[in-house]
Structure formats: C-alpha cells, structure tokens
There are 2 protein chains.
Amino acid sequence: MSIVGSQSLDQPFVIFHAKFAASETFFGKDQEIFGESEPADCIYEVISGAVRSYKLLGDGRRQICAFHFPGDIFGLENSLSYRFTAEAIVDTGVRVVRRPSLEFMATIDVKVAHNLLNLTNRSLLHAEHHMLLLGRKRSREKVAAFLLEMDERLAGTGMIALPMTRRDIADYLGLTLETVSRELSYFRARGVLKFSGITQRQIELQDRQGLEALDC
Amino acid sequence: MSIVGSQSLDQPFVIFHAKFAASETFFGKDQEIFGESEPADCIYEVISGAVRSYKLLGDGRRQICAFHFPGDIFGLENSLSYRFTAEAIVDTGVRVVRRPSLEFMATIDVKVAHNLLNLTNRSLLHAEHHMLLLGRKRSREKVAAFLLEMDERLAGTGMIALPMTRRDIADYLGLTLETVSRELSYFRARGVLKFSGITQRQIELQDRQGLEALDC
DNA sequence: CGACTATTTGAGGCGTATCAAGAAGTGTGG
DNA sequence: CCACACTTCTTGATACGCCTCAAATAGTCG
C-alpha cells in the first residue's frame, strides 16, 4: 500500500556510475560499516544482505532509524561526519562510492544532482512516517506496521525472512524485545501470521487485512 | 550546542529569488496553510509567527513532526502531494513560491539545486534526531530537550516565549499535555526554570546545565 | 553433544495515560 | 472597568500498557 521505506524505483539511480563506482566490499555479521560522527567519506549501496543504521544515547539506549536492503542507498550526508552508525545485520555486500567524486558528478550532471535530492527526500519521507509510529502508535500497531513494511520491502509475497533479531526490531519500533515477542505471539495465536520455517524469523502472513486494520 | 532544528545559515538560501518570490501572505491562528495529501504547489518561508506541521492517525492521534519559525522554509516536497498538514500556531506571515518556478530555477542555477538539497538534508537531520527522542527518551528527557531546542531556535538567551500550547508540545514529544505540564512543574520546583511573564508560556531557563545533563 | 545466543513466557513494578476538578489566563460585550 | 464564557493549564487519583526481571525453551555453531 505505502511505498514508504522502499528505495526501489522504476529506473535505477544514476549515482553509482561505472566510471566512479568501486567494486563490491563485504562486511561480516554485526560488523560496523561506519560510525556516528566519523568523517563521511563514502556512500553505500546494499548489494546483498541487510544493514541497520542507528543512534545511541549516552547510557546505551539505541534507536534504529532505518534498515537497508539490497538496492537501498545509505550513508548520504551533507555534513562532514555521519549522523549515525551503520552495521551489517548479516553478511553483507555493498558497493561504495567516495563522496568527493559524487559531488563532483553532481555539479556536472543534473541527473545525478536530481537523484541525490530524490534519495534524500525518500529518506525524509520514511523518517516522518516513522516519527508518527514512534510517537503515537501502540505496541500492537507498531509491530503490525513493521510486518507490513518488511513484507513490502523484502518480498511482497507474505513470506518474510527477517534478517534481524527481536532486539533490532524493538530498537526500530521503540519497544523492548519482550514486547515485540509478545505481540508476534498474539498475532500468531490469532492466526494473523505463522512461523513458516524452521526458525522464528521466517514469518508467513495469513491475514494481511488484519494487520492493515491496525496500521491505520 | 546542537544545530538540529535550526534552519538558519551563515548565508541565506537562494531559493526565494526576487524574480519569483510572491509577496507576504498571512494566516490567522490555527488556520491551515496546506493539508496532508493536497497537491504540493507551493513552498513557504516563515516571515513572522510560527507554524506546526503534523500527521494524523485515523482516530485523531496527532504527531507534530516540526515547528517552523521565522527564517525556516517548509512545504518542500518531491512528490505530488504534501506529506503533512501545516497550520499557523499564531497569526503568521509567510512568503510563498510556486514549486514549478523553483524547479525550473534548480535546473538552470546550480546554487539553487544545492540549496534545495541542503534544506532537505537539514530536515532529515532533525527528523532522525527526533526519532531518537520519540523512541528512546523518557518524558523528563523529552521536555528537557524541547526546552533547549526552543531556546536555541527562538532566542538563545534563556528567555523563551513559547507560541504553542501544552497540547502542541505533547504532540511533538509523543506525550500527553498533562505529562508535559507535570514535567514543567517539576523543573520549576527544582529551580531549573521559572515562569517569567504574566503567562505560563514565557519561560526563563535558570539552570541550562541541569537540562543539558538530561539531554544526554 | 555442549556452549552460547535468541526467543518465549510469566510475574510484578513503574511510568505515563486517563479521568476529573479546580485554577489561571484570554477574549468579548456591557 | 468588570462580568461572563471559554480555553488553557495545573494538580490529584487511579488505571493500564509496556518495561523489568527471571526462567524455561528454541535455535545456532563449534
């Protein structure tokens, strides 16, 4: 229904131009790709795997601002340093472009500049949508929205293979991992979803309307 | 300390170019400037007054995404329709530019395109910062962060004249108005702030460090 | 298989919401 | 200027949703 969160477009962004794009780089599970307040040298596109980007409070409380899946671009900054930390959730391959070369291209290629703006706007759209969730939705509605977003971004088939832990989900939704688990159990008990695979991360949506009714 | 939320720059943005800028338009208190999902025709700069932009859930729960003060630009979109509703908090004057003329300028003037990107990035920075607040801070920390943000954006002198109600503050912070009121009372009882004017909206910060300690 | 991590589930507590009533502040008309 | 109606704000009592702590189960990896 909503395209929020998806970075896929009808046409690929002209940002990772062949002439400037570096080859694929790999990061292992839980490996940091860049850290908050590090110099923002590079921009990344996920090739395979999944990435979380988050901010921390002084005492360790964590807010995951976004998950990035294959095709998504992250690490776009206009300031000198990154605004958050990015980590691979599972083994992940990314394409890297150095910022200076991108900015150079933006000055000579209108299409690149336009795509940069589009990408940033897309992130902003997602962030504003997520503010509504964080500030005003209850735990059940948050988890419902999460499942619908993941289904849409990962497959759209109702068969979801989550790469992230319950804690990641909780830190994305502003909940605890126990509350996330309880709400998933609630949905399972109601037949809204079931754990289809051998693990608890493979989820099959049985009643999408039941979730959409909660997504408001 | 933080520049989050402030849209002021060393140099003014070259967006409201003399050739294209319309004259000042006025909106009365609580008047809608544009509505969510209306066609995004125009872009606005606050001249005087204050604006809130918010999203709603189906049952009326409201999340204020941002406040806009003189000098701030809002209503920037890349999609066809606005992403939220904008209302004047008090009597407000705004400068208006039609989007098509702005987009035209962006194609012929690199500086305009660059400023558009900068503005969008600034909004994104604020949104991500606010997600951390909404998802992971307690009510006291939220109110402390709010007071510091307002001080910085409205004056920076420690004398704050809030244009918005407790309900607006609550909907910005993901709280109820009663909780906001209680936390303000708490800070007042501790001598962190006092109500300096004849109304409860004029606040004088007595102990900024006390607030910054909570802002983390 | 054994050690470890991730997840579920239960019991109880805390923080914020809800409901309610009164005080403070604002605006209007006489 | 005051009287009155209305809105906003404060404060108290209580309820409840989510968090915390704890322990058992499920899943992963050597």
Side-chain angles (χ1 to χ4, degrees), chain A residues 28-30 52 57 59-63 89-91 133-144 146-147 160-190 193-203 214, chain B residues 28-30 52 57 59-63 89-91 133-144 146-147 160-190 193-203 214:
Chain A
K29 185 187 171 201
D30 294 330
R52 59 179 166 250
L57 289 176
D59 61 0
R61 279 174 283 173
R62 182 178 70 156
Q63 178 62 48
I89 296 175
V90 293
D91 291 352
L133 178 148
L134 290 171
R136 285 301 179 219
K137 289 190 181 180
R138 330 179 178 293
S139 62
R140 184 153 304 156
E141 299 165 329
K142 287 178 175 181
V143 174
F146 171 78
L147 289 169
I160 311 174
L162 295 173
M164 73 288 282
T165 66
R166 299 292 190 256
R167 172 170 294 280
D168 286 334
I169 300 172
D171 286 348
Y172 181 58
L173 299 178
L175 297 170
T176 61
L177 65 92
E178 292 94 335
T179 297
V180 170
S181 178
R182 271 184 253 271
E183 294 304 336
L184 288 174
S185 296
Y186 169 88
F187 285 132
R188 185 164 49 150
R190 298 297 172 99
L193 58 82
K194 68 177 190 186
F195 292 167
S196 57
I198 140 180
T199 112
Q200 294 124 319
R201 300 222 193 143
Q202 274 155 283
I203 291 175
L214 286 171
Chain B
K29 185 185 172 203
D30 294 330
R52 59 178 167 251
L57 289 176
D59 61 0
R61 278 174 283 173
R62 184 178 69 156
Q63 178 63 48
I89 296 175
V90 293
D91 292 352
L133 177 147
L134 290 170
R136 286 300 179 219
K137 288 189 179 178
R138 327 180 178 295
S139 61
R140 184 153 304 158
E141 297 165 330
K142 287 178 176 182
V143 174
F146 171 78
L147 290 169
I160 311 174
L162 295 173
M164 72 288 281
T165 65
R166 301 290 190 258
R167 172 169 294 280
D168 286 334
I169 300 172
D171 286 348
Y172 181 59
L173 300 178
L175 298 170
T176 60
L177 64 91
E178 293 94 334
T179 298
V180 170
S181 179
R182 271 184 251 273
E183 293 305 335
L184 289 174
S185 295
Y186 170 89
F187 285 132
R188 186 165 49 148
R190 298 298 173 99
L193 59 82
K194 68 176 189 187
F195 292 166
S196 56
I198 141 180
T199 113
Q200 295 124 319
R201 301 220 193 141
Q202 274 155 284
I203 291 175
L214 285 171

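Scope of the values below: all heavy atoms of this structure, side chains included, with no hydrogens, waters or symmetry mates. These numbers come from a predicted model, not from an experiment. All chains are named by letter (A, B, ...) in the order of the sequence lines, taking the proteins before the strands, and each is independently numbered beginning at 1.
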Next item on the list: Identify the two heavy atoms, one from A/E183 and one from A/V143, that lie closest to each other, and give their separation to 0.1 Å.
Entry: CB-CG2, 3.8 Å

Next item on the list: Determine yes or no for a side-chain-to-main-chain donor-acceptor pair under 3.5 angstrom, with B/R136 supplying the side chain and A/R62 the backbone.
Entry: yes

Next item on the list: Describe the nucleic acid contact of B/S181 in one word from base, sugar-phosphate, nothing, applying a heavy-atom distance below 4.0 Å.
Entry: base

Note to self: How many whole angstroms separate atom CZ of B/R140 from atom P of C/dA17?
What the structure shows: 13 Å

Checklist line | Contact summary for A/Q63 and A/Y172, nearest pair of heavy atoms | finding: NE2-O, 3.1 Å

Item checked: Minimum-distance pair of heavy atoms, taken over all atoms of B/L134 and A/G135 -> CD2-CA, 4.1 Å

Note to self: Quick one, A/I160 and A/L193 - any side-chain contact, counting heavy atoms below 4.5 Å?
What the structure shows: no

Notebook entry, point to check: With no hydrogens and no angle check, is any side-chain donor or acceptor of A/R201 less than 3.5 Å from a backbone partner on A/P163?
Noted result: yes

Next item on the list: Look at all strands and tell whether B/Y186 reaches a base, only sugar-phosphate, or nothing, counting heavy atoms closer than 4.0 Å.
Entry: nothing

Checklist line | Side chain proximity check, A/R61 to B/R138, heavy atoms < 4.5 angstrom | finding: yes

Next item on the list: Under 4.0 Å from any atom of DNA chain C, heavy atoms only: list the residues of residues 164-173 of chain B that qualify, in numerical order.
Entry: none

Item checked: Phosphate OP1/OP2 of C/dA24 contacted by B/T199 side-chain N/O (<4.0 Å) -> no

Note to self: Rounded to whole Å, how long is the line connecting atom CG of B/L184 with atom P of C/dA24?
What the structure shows: 17 Å

Item checked: 5' precedence on DNA chain D between A/K29 and A/L175 (nearest-nucleotide basis) -> A/L175

Item checked: d(CZ, B/R136; C1', C/dG15) in whole Å -> 15 Å

Notebook entry, point to check: If you check the A/Q200 side chain, which of C/dT7, C/dC19, C/dA17 turns out closest?
Noted result: C/dT7

Check: Atom CG of B/L177 and atom P of C/dA21: how far apart are they, to the nearest Å?
Finding: 17 Å

Margin query: The criterion is salt bridge (Lys or Arg N to Asp or Glu O under 4.0 Å); which residues satisfy it with A/R182, sequence neighbours excluded?
Written below: none

Next item on the list: Would you indicate which nucleotide in C/dT16, C/dT9, C/dT26 comes nearest to any side-chain atom of B/I198?
Entry: C/dT26

Check: Nearest nucleotide by nearest heavy atom, which residue falls closer to the 5' end of DNA chain C, A/R182 or A/R201?
Finding: A/R201

Next item on the list: Answer with base, sugar-phosphate or nothing: what part of the nucleic acid does B/G197 contact at a heavy-atom distance below 4.0 Å?
Entry: nothing

Check: Are the side chain of A/D91 and the backbone of A/G28 linked by a donor-acceptor contact shorter than 3.5 Å?
Finding: no

Checklist line | For atom NZ of B/K142 and atom C1' of C/dG15, their distance in whole Å | finding: 11 Å

Next item on the list: Return the nearest nucleotide to the side chain of B/S139; candidates are C/dT9, C/dT16, C/dT18.
Entry: C/dT16

Check: First and last nucleotide of DNA chain D touching chain B, 5' to 3', heavy-atom cut-off 4.0 Å?
Finding: D/dT8 to D/dA13

Check: How long is the line joining CD of A/E178 and C1' of C/dA11, in whole Å?
Finding: 13 Å

Next item on the list: Ignoring hydrogens and angles, tell me if any N or O in the side chain of A/S185 forms a donor-acceptor pair with the backbone of A/S181 under 3.5 Å.
Entry: yes

